[in-house]
Protein chains: 2
Amino acid sequence: MSSLSLLPAAEVSPKRAAILEAATRLFLAGGYATVSMDAVAREAGVSKATLYAHFTGKEALFAAIVGGRCAEIAERAEEMAAHAASAEGALRGMGRAWMTFLLKPETMAIHRIVIAECARFPELACAFYEAGPGAGRTWLTHRLEKEQRLGHLRADADPGVAAGHLMGLLRGELYIRTVLGAPAPDDDAVAGAVDQAVEVFLRAYGAPAA
Amino acid sequence: MSSLSLLPAAEVSPKRAAILEAATRLFLAGGYATVSMDAVAREAGVSKATLYAHFTGKEALFAAIVGGRCAEIAERAEEMAAHAASAEGALRGMGRAWMTFLLKPETMAIHRIVIAECARFPELACAFYEAGPGAGRTWLTHRLEKEQRLGHLRADADPGVAAGHLMGLLRGELYIRTVLGAPAPDDDAVAGAVDQAVEVFLRAYGAPAA
DNA sequence: GTCTATATACAGATAGAC
DNA sequence: GTCTATCTGTATATAGAC
């Protein structure tokens, strides 16, 4: 019985939730500096005093937002991993899922923010790397090791290096263009680019005997 | 004779040069928002009024700085291209030159700034892409076409796609880690990563007959 | 062109009532 | 916890003398 009262730990306060939601929207849209605490309070429908009662300051609020997104990204990565591991044509499927996620406006927005503020919040940039690209690379390394044991990949390849290469091939031109503000490519363009990248990867890393 | 007076067009004003130098340093170190016009004036050793006499405002000053760096990057790209075209082991040499330039703290700083401000200054982000990654890819595409005509690359490869793939392989893990604040890797690490990337590229794109 | 001094606005953060 | 009202610093930008 007493454990029941511990369950809704996430829904501590509706005001706090409103603050987090509004601040997330504003930070992702405008970056760190352009967002004022006044704007967050107004957008969340609370007073500034309430805002400061929940978060000790602007930096703490920002850290909470970005840290939360990192956790979300980590969950998302596990979810994608679960799907990709069970699918055939695993590399293509995984590549499409990853690139679609990566190029989404919200993902791009958090990339830009973390990159922009990595001098002011180095620990956030580190946490973001670990939760995002780092976790993806670690998972992909293990996945490629498995493929290697199955004889689908060259035996002399370093799976960690190969994982970095596959991610680089997948990002390719699309990532750099999109992070610099170009409109996100449509699904067909993404799928085509992923197929090309996977084809090139397998030409370089596929087992010669296969 | 009259043409002589037109020559020193670049050295119009020492104060202006001091402003540009100070502003470049400050913007590259701190981004757009954290730099105040007071700080620029103080650091340049001029008054704010003088600052505003040379630049209509903070946005114009920022645009002048970043636009200037774009022009510099474009020049630098041509310079690197001239060297790489004449060298043997062209891909390795070019890759090392490009990655060394890309991972330099100053290059990373301008990457972060342009990415951070691509919502506020979309035309700057576009100019940066054209001067940097876009120009590099265009040049590399032509270079790969030439290699293809010489029979060094697969005949069925699209040189533009291949150029994007080579750049993606080169960037690989190093770029994303460094742009997220990790310390720049040393020359040996860069050289090793470039060699691996080029090796993989040639396994996928090298002419089968060769 | 260059300076000193200032106008004007808004930022982050808090005091005190309820 | 939540509000209204406010303190304090600093930002961009300008006025007017030289």
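Note on naming: letters A, B, ... go to the chains in the order of the sequence lines (proteins, then strands), and numbering restarts at 1 for each one. Just the heavy atoms: all of them, side chains too, but no hydrogens, waters or symmetry mates, feed the values below. Since we're looking at a predicted model, the values are computed, not measured.
- Contact check on A:E199 versus A:R203 returns a salt bridge, with a Lys/Arg side-chain nitrogen under 4.0 Å from an Asp/Glu carboxylate oxygen.
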Identify all pairs in which a protein N or O lies below 3.5 Å from an N or O of nucleotides 2-4 of chain C, and state each distance.
unit_1	atom_1	unit_2	atom_2	d
C:dT2	OP2	B:H54	NE2	2.9
C:dC3	OP1	B:K15	NZ	3.4
C:dC3	OP2	B:S47	N	2.9
C:dC3	OP2	B:S47	OG	3.1
C:dC3	OP2	B:T50	OG1	2.4

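- Here the side chain of A:T178 pairs a donor or acceptor atom with the backbone of A:L174 at under 3.5 angstrom.
- Near-neighbour residues of DNA chain C inside residues 30-39 of chain A, defined by a heavy atom below 4.0 Å, number-ordered: A:V35, A:S36, A:M37, A:D38.
- Classified by interplanar angle (parallel below 30°, tilted 30° to 60°, perpendicular above 60°), the ring pair A:F121/A:Y32 is perpendicular.
- Between the side chains of B:T141 and B:T138, not a single donor N or O lies within less than 3.5 Å of an accepting N or O.
- For B:A125 against B:V114, the heavy-atom pair with the smallest separation is CA-CG1, 3.6 Å.
- When the shell of 6.0 Å around CD of B:E123 is examined, it contains more than 12 heavy atoms from other residues, nucleotides or ligands.
- Residues forming a side-chain hydrogen bond (donor to acceptor under 3.5 Å, both in side chains) with B:T34 (at least two apart in sequence, or on another chain): none.
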Yes or no on side chain to side chain contact (heavy atoms under 4.5 Å, CB included) for B:D195 and B:R96, after CA distance, side-chain angles and deciding distance?
CA-CA 9 Å; B:D195 288 352; B:R96 289 188 196 190; 2.9 Å; yes

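- In this structure, A:E59 places its CD atom 17 Å from P of C:dA11, rounding to the nearest Å.
- Whole-Å rounding puts the A:F55 CZ to C:dT14 C1' distance at 18 Å.
- At the phosphate of D:dA13, OP1 or OP2 sits under 4.0 Å from a side-chain N or O atom of B:Y52.
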